[in-house]
Amino acid sequence: MKILVCISHVPDTTSKINFTEGDTKFDTNGVQFVINPNDEFGLTRAMWFKEKQGASVDVVNVGGAETEPTLRKALAIGADTAIRVNTPATDGYQVAKELAKVVKDGGYDLVIAGRESIDYNGGMVPGMLAGLLDANFINNCISLEIEGDKAKAVREIDGGKESLSASLPLVIGGQKGLVEESDLRIPNMRGIMQARKKPLNVVEPSESSAKTEAVKFEKPAPKGDVKLVDPDNLDELIDLLHNEAKAI
Amino acid sequence: MSVLAYIESEEGKFKKASYEVASYAKAVADEMGTDLTAVVFNIEDTSELGTYGVNKVLKISNDKLANFNAEAYADALKQAAEKEGSKVVVLSQSANSKYLAPLLSVNLEAGYASNVVALPESTDPFTVKRTAFTNKAFNFTKIATDVKIVGLSKNAFGLKESQGEASVEEFSPNLSDEDFTVNVESVDKATNKVTIADAEIVVSGGRGLKGPENWGMIEEMADILGAATACSKPVSDMGWRPHSEHVGQTGKPVASNLYIAVGISGAIQHLAGINAAKTKVVINNDPEAPFFKAADYGVVGDAFEVVPKLNEKLKEFKEKNA
Ligand SMILES: Cc1cc2nc3c(=O)[nH]c(=O)nc-3n(C[C@H](O)[C@H](O)[C@H](O)COP(=O)(O)OP(=O)(O)OC[C@H]3O[C@@H](n4cnc5c(N)ncnc54)[C@H](O)[C@@H]3O)c2cc1C
Ligand SMILES: Nc1ncnc2c1ncn2[C@@H]1O[C@H](COP(=O)(O)O)[C@@H](O)[C@H]1O
């Protein structure tokens, strides 16, 4: 089985978010970038398939050279080969188009992407990729088993879960649950050394074009001060919630 | 022309988010000087939709669509949009809508903006405001394609009633076997519980509650308020509560009307996921807890004293206002 794991390169969850150039660009100054958390779960699940069932695992990112340390980290976790499509990611559709070409050229059976990236929160790329490839698609995937060319998956729905079956080729939008938090792989010294020698192939983009454009950003308006209520006067809290906030 | 709204239903009833989708889509249709068409799946009585501004209902009745299926629903919606010549398609951000929207986007070659929180800033060019960086910022996105798809965040617009009646037309999309290659084997869903996605109020507990045995008072508050229960990440990591209750940047997003946080410190990753809630209340014994900077109302006190007292008072309040 050939597995491709899509890796989105995102600001660490503690990052302060600021913008430059008249609020049109994300300010990367002092920001630490990491593998998108949803993709970490997917990558660890892919390593499980590789070790337990025999599979090759490649990772891919659509982005500039600045994303290479993130791809190296994925190699250190255990991926065999990394691919970087050398073009900035502009929107979900453009990224999906570029990824579709990588999937076709590489003949992958299973594509593991994340439910959403924590930067742009598009929640678009995996579904669009599946649509472009005419492959099966399962989103919000919290469990995945593969037997031959048959997949069994569990998807989170609002208020519960749903068990699904589909055959490969398959694209999933994965999240926590694919593996347990405590089983997430962290690169060790040996992995880091090996990763230096693993191939990181840079491929040129195709003619893909974006369908949307992020024109500007805005920070939420600063919030007023918290209103403190004395623990011995909880009637006041109920009054505020009922009459002021109209929340109960 | 026309604006198209995907109206979700569950067990034969419309979901509340669908009325919000209709209200929003109507406002967009008005701005563009056109009508609103709603698409419904396997619903007999659609009369309520007129109240939210729908001019026409396309009724799809098909046993094969009794259960949600992303590909088949996306195909049906594509055909509905083409038949109506729709330029804008509006849907909610439920798990199912988020599943089908990117497929629909490819089907219609339409640009898609997710997590939209306001009416278009302009309809030509078509620019919408959406959340980005997990609620730490907003982003204005221009959709450049002829057909546009808008995913409307919950509680971002509200319900707007209007006078009117919708005409009804039966619609039978052509579905093929290709639409049914992902099959649902079983569904596991608590039927009597409010979900975090649908809830108006969410009551959430953190590590300050010390252990799973202390969640009785949280569940009691949720019961009184008709709320969903949630928790911080360490609480679900330690197995005190199910993973499905984990909210925050790496868990579920919360966009309820009210969010009550008990014994939660208010770490940046937690706040990122709940910032979209309208009113936030924190109960914490440490006045320095960062949550007090993000909350609207706060009580500095011991949860084990405050919550039982508050529950009693909430019960009284509910009885009086029933
Ligand atoms: C990559 C990454 C992603 C993350 N994603 C998330 C996420 O999505 N969601 C999330 O929640 N966290 C997330 N976190 C974790 C986050 O950083 C915090 O560690 C976590 O939110 C803390 O949970 P807590 O507030 O329940 O616990 P604590 O930080 O331990 O806070 C407990 C609070 O309870 C109060 N307390 C103690 N006793 C009482 C009492 N008797 N009465 C009242 N109050 C009391 C304390 O004063 C304290 O403020 C993430 C972290 C990382 C690194
Ligand atoms: N630039 C990118 N390169 C590779 N994969 C990506 C990229 N952007 C998004 N993805 C994948 O698509 C998932 C969802 O991203 P998004 O649609 O941006 O929310 C991510 O978790 C990744 O798996």
Side-chain angles (χ1 to χ4, degrees), chain A residues 11 13-14 17 19 37 91-93 118-128 130-132 136-140 156-167 176-177 181 210-220 223 226-229 231 234-235 237-238 240-242 245 247-248, chain B residues 70 94-95 98-99 102-103 105-107 111-115 127 131-134 136-145 181-190 193 195 197-198 225 237 243-244 249-250 257-258 268-269 279 292 295-301 305-306 309-310 313-314 317:
Chain A
T13 58
T14 55
I17 304 298
F19 303 100
D91 87 332
Y93 195 86
I118 63 166
D119 55 354
Y120 199 67
N121 304 113
M124 298 188 181
V125 169
M128 288 177 175
L132 290 168
N136 287 324
F137 174 47
I138 295 174
N139 205 14
N140 288 14
E156 194 170 70
I157 56 176
D158 292 335
K161 46 195 173 184
E162 194 173 82
S163 302
L164 302 144
S165 64
S167 40
K176 176 172 153 183
E181 177 102 16
K211 294 195 182 300
T212 61
E213 185 194 339
V215 283
K216 65 175 193 264
F217 295 93
E218 190 180 282
K219 300 247 280 183
K223 217 192 60 58
V226 62
K227 276 194 189 161
L228 289 181
V229 173
L234 293 172
D235 288 321
L237 180 62
I238 290 179
L240 287 167
L241 289 177
H242 182 58
I248 58 172
Chain B
S94 68
K98 280 192 166 174
Y99 189 178
L103 298 171
S105 160
V106 171
N107 284 348
Y112 165 43
S114 54
N115 303 322
T127 310
T131 58
F133 297 96
T134 329
K136 291 176 194 165
F138 297 105
N139 157 237
F140 290 84
T141 293
K142 185 170 92 187
I143 309 181
T145 45
T181 51
V182 176
N183 297 302
V184 176
E185 305 288 333
S186 65
V187 181
D188 173 6
K189 192 172 165 171
K193 256 194 108 190
T195 67
D198 290 336
L225 294 170
D237 287 345
H243 282 310
S244 56
Q249 184 161 16
T250 55
N257 206 18
L258 176 61
I268 189 166
Q269 297 98 346
T279 300
F292 285 101
D296 302 285
Y297 304 107
V299 181
V300 179
E305 285 165 25
V306 174
K309 268 203 270 178
L310 184 60
K313 294 199 182 285
L314 283 169
F317 169 81

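Chain letters run A, B, ... following the sequence lines, proteins first, then strands; residues in each count from 1.
Of the listed residues (A/Leu241, A/Ile157, A/Asn140, A/Ile138), the greatest number of heavy-atom pairs within a distance under 4.5 Å of chain B belongs to A/Ile138. Among the candidates B/Thr127, B/Val184, B/Thr195, B/Val187, the residue making the largest number of heavy-atom pairs closer than 4.5 Å to chain A is B/Val184. Listed options B/His243, B/Lys98, B/Glu305 were ranked by heavy-atom pairs under 4.5 angstrom with chain A; first place goes to B/His243. Ranked by heavy-atom pairs shorter than 4.5 Å toward chain B, the options A/Gly122, A/Pro37, A/Gly123 are led by A/Gly122. Ranked by heavy-atom pairs under 4.5 Å with chain B, the list A/Ala214, A/Ser167, A/Gly177 is led by A/Ala214. The most heavy-atom pairs under 4.5 Å with chain B, out of A/Lys219, A/Glu181, A/Glu156, come from A/Glu181. Counting heavy-atom pairs under 4.5 Å between each of B/Ala197, B/Ser186, B/Gly301 and chain A puts B/Ser186 at the top. Counting heavy-atom pairs under 4.5 Å between each of B/Thr134, B/Ile143, B/Leu258, B/Asn257 and chain A puts B/Thr134 at the top.
The pair A/Lys176-B/Asp237 counts as a salt bridge, with a side-chain nitrogen and a carboxylate oxygen less than 4.0 angstrom apart.
For chain A, the nearby part of B/Phe317 is the side chain; its heavy atoms alone come within less than 4.5 Å. Proximity to chain A (any heavy atom under 4.5 Å) is shown, for B/Ala70, by neither the backbone nor the side chain. When heavy atoms are compared at a cutoff of 4.5 Å, A/Phe137 approaches chain B by way of both its backbone and its side chain. Proximity to chain A involves both the backbone and the side chain of B/Leu310, based on heavy atoms less than 4.5 angstrom apart. With a threshold of 4.5 angstrom between heavy atoms, B/Thr279 approaches chain A through side-chain atoms but not through N, CA, C or O. If you measure heavy-atom distances from A/Ile238 to chain B, the contacts under 4.5 Å come from the side chain alone. Heavy-atom distances place both the backbone and the side chain of B/Lys142 under 4.5 Å from chain A. Only the side chain of A/Ile17 comes within less than 4.5 Å of a heavy atom in chain B; its backbone stays farther off. Of the atoms belonging to A/Pro126, not a single heavy atom falls under 4.5 Å from chain B. Proximity to chain B involves both the backbone and the side chain of A/Lys161, based on heavy atoms less than 4.5 angstrom apart. For chain B, the nearby part of A/Leu237 is the side chain; its heavy atoms alone come within less than 4.5 Å.
Nearest heavy atoms, B/Ala113 versus A/Met124: CA-CE, 4.1 Å. Across all non-hydrogen atoms, the minimal contact from B/Ala95 to A/Asp158 is N-OD2, 3.2 Å. When all heavy atoms of B/Ala132 and B/Asn139 are compared, the pair lying nearest together is CB-CB, 3.9 Å. What you find for B/Phe292 and B/Gly298 is that their closest heavy atoms are CE2-CA, 3.9 Å. Smallest separation of non-hydrogen atoms from A/Val226 and A/Lys223: N-NZ, 4.4 Å. The two residues A/Thr14 and B/Ile268 come nearest to each other via the heavy atoms O-CD1, 3.6 Å.
For A/Lys216 and B/Phe140, the positive end sits near the middle of the six-membered ring, less than 6.0 Å away and at most 45° from its axis.
Within the 4.5 Å cutoff, the side chain of B/Asn183 has no heavy atoms near those of the A/Leu164 side chain.
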Between A/Lys227 and B/Asp296, is a salt bridge (charged side-chain N to carboxylate O under 4.0 Å, His left out) present by the stated rule, with each step listed?
CA-CA 6 Å; A/Lys227 276 194 189 161; B/Asp296 302 285; over 6 Å; no
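Checking B/Thr141 against A/Tyr120 by side-chain atom types alone, a donor-acceptor pair falls below 3.5 Å. For the residue pair A/Asp91 / A/Thr212, a side-chain donor-acceptor distance below 3.5 Å is found, with atom types taken as modelled.
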